[in-house]
Each structure stands twice: as C-alpha cells, then as structure tokens.
Protein chains: 2
Amino acid sequence: MERAAAALDGEVRLLLATREQRYTGQRREIVHALAGLGRPATIAELLAATRDLPQSTAYRNLAVLADADVVRRVSGPDGFARFELSEALSGDHHHHVVCESCGLVIDAATSPRLEAALAETARLIAEANGFEVTEHRLELVGRCRRCRAAAC
Amino acid sequence: MERAAAALDGEVRLLLATREQRYTGQRREIVHALAGLGRPATIAELLAATRDLPQSTAYRNLAVLADADVVRRVSGPDGFARFELSEALSGDHHHHVVCESCGLVIDAATSPRLEAALAETARLIAEANGFEVTEHRLELVGRCRRCRAAAC
DNA sequence: GGTAGAGTGAGAGTCATTCTCATTTAGGAG
DNA sequence: CTCCTAAATGAGAATGACTCTCACTCTACC
Ligand SMILES: [Mn+2]
Ligand SMILES: [Mn+2]
Ligand SMILES: [Zn+2]
Ligand SMILES: [Zn+2]
C-alpha cells in the first residue's frame, strides 16, 4: 500500500498543479479517506474518517478537488452529496448500486456488453436529437443485503 | 387529444382514489401541464405553465401525486427537482438525456438490447453483493443541440 | 343546508450547502 | 534564514430549495 499511496499522491499533486492548487494536508486526508472507503462517501462520513477537518473546509476542498478532476460528486438517493475518487484517477469506469432503504451506495462493475449497448444508445440519441453524449451515469436501485435481512 | 386527456384523467383519478386522495382542479392542472411538456419539468416551469398555483401547493400536490405513483421525481444536473408523469401512467419505460450546459432534460427511448444488458448486470450484482435490484436509472450526459450551436 | 374532513396558501422554519472575512500558513525571492 | 505575498483555513453568517404550520376554504356525503 505504501507504493500505491505514494503513486496516488503523485497523480493528485499533478492534477492539482495544473489548476495551480496546492496539495495540502487536509486535501491529502480527504483523498486517502476516499481511497480507503472505496465507495461514495457523504460529508458526514468524511468528517468522521478524518481528524480536525472543519465542515466548511471539507466542502471547499471537495469543490477544489472536483474541479481538478480528482474527485467526482455523486448524488445519492437521500439529499446528501457523495464523493468518490474520479475515474480519471482510479482508471476504472463503473456504475453504482443504491439502496433505497438505507441510502447505501456501492460501486458496480460494468461489462463490455453493457457499455456497447450504452454506446449504441448514445449514438441513436445523437442522431435523433442533435445531442452530443459525452458520458453516462447508471444507477441500479434496490435493497442492500443488510436491509433485506432486517426487512419486516 | 380530447379522448386521451379524458383517459388520462380517469387513470389519475383511479390512482389517487386508492390512496383516498381527491383529483382537484390544481392537481389536474399539474398533471396536464406535465403531459403537455413531455419532459421532466421543474417547479418553476410548472408555476409558469399554470394559473394561480402557489409554490407550497405545487410542492404538496406533487408529493401527493408522487406518492400515488402518478408522477415521478427526477433529479436533474442542477440542484432542482424535476417531475414527469410516471411510467406506470404513460406505460413507457425510458431514460433521460441531460445537457450539462443548460440543465435541459429530455426523454430517451430505450432498446431491447440495452434493457437485456441492464437485466444481466442487475443479476450479476444480486449474485455478487446480495443486492436486490428493482429498477434502474440511466442518464446520458452531454450537450444539447442549442448549447452546441451557441458554443464558443 | 349542515358537517366533518380534505385541500389550500401565505408565511415561517429547516438544513445541506455556500459565502465571508479575519487569521494562519506555506512557498518563493532575496 | 527572513520577508513577503498569495493561498488556505475555519467559525459563523447567509443562501435557497424545500417542508411545515395553521387558519381558512371547499367538497363529498348525509
Ligand atoms: Mn463509485
Ligand atoms: Mn422522462
Ligand atoms: Zn440498505
Ligand atoms: Zn443545453
């Protein structure tokens, strides 16, 4: 993990440098908390996972990190914003599964077949509507294992 | 349109009746405004498209209509909630294309190939994570024709 | 017509998020 | 190392979409 953490820091520093932003201790804490969690985290989760991170600083730094394409903002089923390391950084395109009962959001692997169908859909949309489709977001909605077990 | 409008009202009345809710004039105005627009509308758009609809009544009635499965709440790229007639009512499963420049959201037809790929993905998720997937939401993100034309 | 309960609407309240600004910090110049 | 300047910080105020309150109105049913 030492090596991976150092490589992550190097990439983040580079992305921030292109926007003339510094890679401060708090920003590193946020990035490493997100890397450790491995799923989209709310502000509350980030505050719990770090030491001495004021709420206003968390919001401001997440905006900076999102602008530098270090993190991505994901909207969950509840009203809370969630954040994860960007696909540019992790190099792994994926989708999300959300539990409509407890709000949990986890990553879901994609597949060549699904991506091919999505690409074809995007092409048809472009033809029919003049819309240029640059990315897609897919959420699979349901109930997580825990909520199913606890169900009445 | 006369026939279709009457049929729509009948279905809405039935859906509301199962929740012991009335189909009032304001609720009819909202439903018909949504039917006329044919794409997810914001509260502001609904207020502009109707006469004498106070904001608080719009929010309350949209909540009632959503609870009765007459309308569906869709989250747009900006922070604003959007509403459309439910798929149960229109009988047409579809996805959305959103313009990240101006916030426009329009409907996008699906295809058997895409739905099959989505169903397979849902099955794999269930196997791997114990997640019971009941529905999916797909947003194709890009730039609309108007924003592309106006681009710098 | 009378009445009980649903619906209405103006305004107050909520709360995640953003903004403000005085203070602290850090990186480069000398 | 010591300034100097601009970025970063953080406590609190402000914002704004949305929800709640409650006195009033309407409506379905008798
Ligand atoms: Mn993710
Ligand atoms: Mn739609
Ligand atoms: Zn759950
Ligand atoms: Zn646009």
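Chain naming here is simple, since letters A, B, ... match the order of the sequence lines and numbering starts at 1 in each.
Following rounding to the nearest Å, B:Asp52 (CG) and D:dT25 (P) show an atom-to-atom distance of 16 Å. Atom CD1 in A:Ile43 sits roughly 14 Å away from atom C1' in C:dC15 (whole-Å rounding). The nearest whole Å value for the distance from the CZ atom in A:Arg82 to the P atom in C:dA16 is 13 Å. Between the CZ atom of A:Arg28 and the P atom of C:dA26 there is a distance of 12 Å, given to the nearest Å. Rounding to whole angstrom units, CG of residue A:Leu65 and C1' of D:dT9 are separated by 15 Å. What separates CG of A:Asp78 from C1' of C:dT17 is a distance of 15 Å, to the nearest Å. What separates CD1 of A:Ile30 from C1' of D:dA8 is a distance of 12 Å, to the nearest Å. Counting to the nearest Å, the P atom of D:dA8 and the CG atom of A:Leu16 are 9 Å from each other.
For D:dA7, the OP1/OP2 oxygens have no side-chain nitrogen or oxygen of A:Thr24 closer than 4.0 Å. Note on B:Tyr59: every side-chain N or O is 4.0 Å or more away from OP1 and OP2 of D:dT19. Here B:Asn61 does not reach the OP1 or OP2 of C:dG9: none of its side-chain N or O atoms lies under 4.0 Å away. Phosphate contact (OP1/OP2 of D:dG10, side-chain N/O of A:Gln26, threshold under 4.0 Å): present. A sub-4.0 Å separation between OP1 or OP2 of C:dG9 and a side-chain N or O of B:Thr57 is present. Using a 4.0 Å cut-off, no side-chain N or O of A:Gln55 falls inside it from OP1 or OP2 of C:dA16.
When distances are taken from the side chain of B:Arg27 to each of C:dT17, C:dG27, C:dT8, the shortest belongs to C:dT8.
Using a 4.5 Å heavy-atom threshold, the side chains of B:Glu115 and B:His136 count as touching. Side-chain contact check for A:Val105 versus A:Pro77: some heavy-atom pair is nearer than 4.5 Å. Using a 4.5 Å heavy-atom threshold, the side chains of A:Gln21 and A:Arg13 count as separate.
Contact annotation for B:Glu20: no contact, since no heavy-atom pair falls under 4.0 Å across all strands. When heavy atoms are screened at a 4.0 angstrom cut-off, A:Ala63 is found touching no nucleic acid atom at all.
Judged by distance alone, with hydrogens and angles left aside, B:Ser56 brings a side-chain donor or acceptor within reach of the base of C:dA10, the pair sitting under 3.5 Å. Judged by atom type and distance alone, B:Arg60 reaches the base of C:dG9 through a side-chain donor-acceptor pair under 3.5 Å.
If B:Arg73 and B:Arg22 are placed on DNA chain D by their nearest nucleotide, the residue sitting closer to the 5' end is B:Arg73.
Looking at A:Thr24, A:Val70, A:Asn61 one by one, the single match for side-chain contact (heavy atoms from CB on, under 4.5 Å) with A:Ile30 turns out to be A:Asn61.
A donor and an acceptor atom, one from each side chain of A:Gln26 and A:Thr57, are nowhere located under 3.5 Å apart.
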